[in-house]
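Note that the structure is predicted; figures quoted are calculated from it, not measured. Atom set for the values below is all heavy atoms of this structure, side chains included, hydrogens, waters and symmetry mates excluded. Indexing begins at 1, ligand by ligand and atom by atom, following the structure's order.
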Amino acid sequence: MGSKKKTLAITLFFQLLSSVACFSRSDFTSTFLFGTATSCYQIEGAYLEGNKSLSNWDVFTHLPGIQPFVTLNHFDVPQELEDRYGSWLSPQIRILDPILLGDYPSEMHEVLGSRLPIFTYEEQKLLLNKLDFIGINHYSTNYVMDCMLSSCDLDGYMRDALIATTGYKDGVLIGEPTALQTYYAVPYGIEKMVLYIMERYNNVPMYITENGYAQGSSGASTKELINDTERIKFMHSYLTFLSAAISQGADVRGYFTWSLLDNFEWALGYTVRFGLFHVDYNTQRRTPKLSAKWYRKFLSGKRLQLRTSTQNYEI
Ligand SMILES: *[C@@H]1O[C@H](CO)[C@@H](O)[C@H](O)[C@H]1NC(C)=O
Ligand SMILES: *[C@@H]1O[C@H](CO)[C@@H](O)[C@H](O)[C@H]1NC(C)=O
């Protein structure tokens with residue numbers, strides 16, 4: 001380092017020191033007022049204490065941004081429970097019939113025989129009709145092929161169910177394919193499913209806890225992904241058939257579309273997109289898709305026309 005620079009640095013240091021040394025309270029008049037500033041709202045809390053009435057900030061900060069809706073399970077089972085019970089093959093896992101009707105369906109007894117647990121009378125009484133509601137995740141509909149009388153190539157739990165599922169009948173697809181293999185858009189499926197549950201389970205209250213449309217994202221630009229007219233068509237038609245089921249008496253009390261944001265889709269990773277909001281995974285930037293605007297408009301009470309895919313959606 002050159003000595004000139006050193007001299008300059010030392011000079012600056014002395015100047016700074018002398019200016020600090022010179023500064024004191026007496027640089028201000030004795031009547032000049034010093035203090036510290038806070039505000040009760042920003043440090044105290046206790047916004048309802050002492051019969052204080054509400055301020056506009058009390059009201060604003062207590063507006064809920066989001067209201068959570070609790071469901072029991074969404075696939076990520078605690079490993080400890082998986083180790084203890086051995087997952088879905090365990091007789092400890094109950095399906096809907098025992099919970100609502102007290103026992104497994106007679107068909108299951110016929111096929112599985114002694115592999116099914118037997119409930120005692122007390123257990124049945126404990127189980128019977130104890131649900132507040134059923135949460136239903138519904139995405140697609142498939143044809144079911146009987147494998148009791150026909151020969152099928154079955155593996156896994158389908159061997160026990162003695163059915164095979166397929167999207168085809170006489171070479172014709174059941175509905176438009178989506179980015180998820182074997183998931184087709186079959187809007188009437190939601191009406192049939194809800195009416196089935198209504199009849200079988202004595203019209204127990206239902207919430208559609210998930211229903212949504214998968215976009216494939218490989219090779220697609222953000223601009224294309226944001227223009228998700230197929231998702232709008234999906235939601236519009238599924239909600240139309242859901243409302244048809246409700247007008248036939250089904251006690252459906254809510255509908256949640258999957259999903260708010262593009263997300264990690266389990267074993268498929270980030271290859272499919274379910275969000276009403278597009279997520280750029282490099283920047284975390286979130287952009288509302290056309291479907292987000294459509295859903296907002298729908299919820300605001302506007303009557304919306306479903307246009308054909310050759311026309312633009314006016315949102
Ligand atoms: C609040 O108001 C109630 C009813 O007017 C009164 O009984 C109570 O003493 C008040 N509390 C305080 C902390 O002022
Ligand atoms: C959005 O997609 C539709 C077809 O689904 C197309 O007609 C329309 O031109 C697209 N809009 C934009 C802005 O790319």
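- Note on K233 versus E176: salt bridge recorded, some NZ/NE/NH1/NH2 to OD/OE distance being below 4.0 Å.
- Separating the OG1 atom in T287 from the CG atom in L276 is a distance of 13.0 Å, to the nearest 0.5 Å.
- For atom 2 (O) of ligand 1, the nearest protein heavy atom lies under 4.0 Å away.
- For atom 11 (N) of ligand 1, the protein comes within 4.0 Å by at least one heavy atom.
- Aromatic ring centres of F133 and F69 lie closer together than 6.0 Å.
- Protein heavy atom in closest approach to atom 13 (C) of ligand 1: G50 CA, 3.9 Å.
- If you chain together hydrophobic residues whose side chains sit under 4.5 Å apart, L242 and I136 fall into the same group.
- Protein heavy atom nearest atom 5 (O) of ligand 1, with residue, atom name and distance: N51 ND2, 4.4 Å.
- Atoms of ligand 2 found under 4.0 Å from any heavy atom of N227 (numbered from 1 in listed order, with element): 1 (C), 2 (O), 3 (C), 8 (C), 10 (C), 11 (N), 12 (C), 14 (O).
- When atom types are taken as modelled, the side chain of R25 and the backbone of T29 share a donor-acceptor pair closer than 3.5 angstrom.
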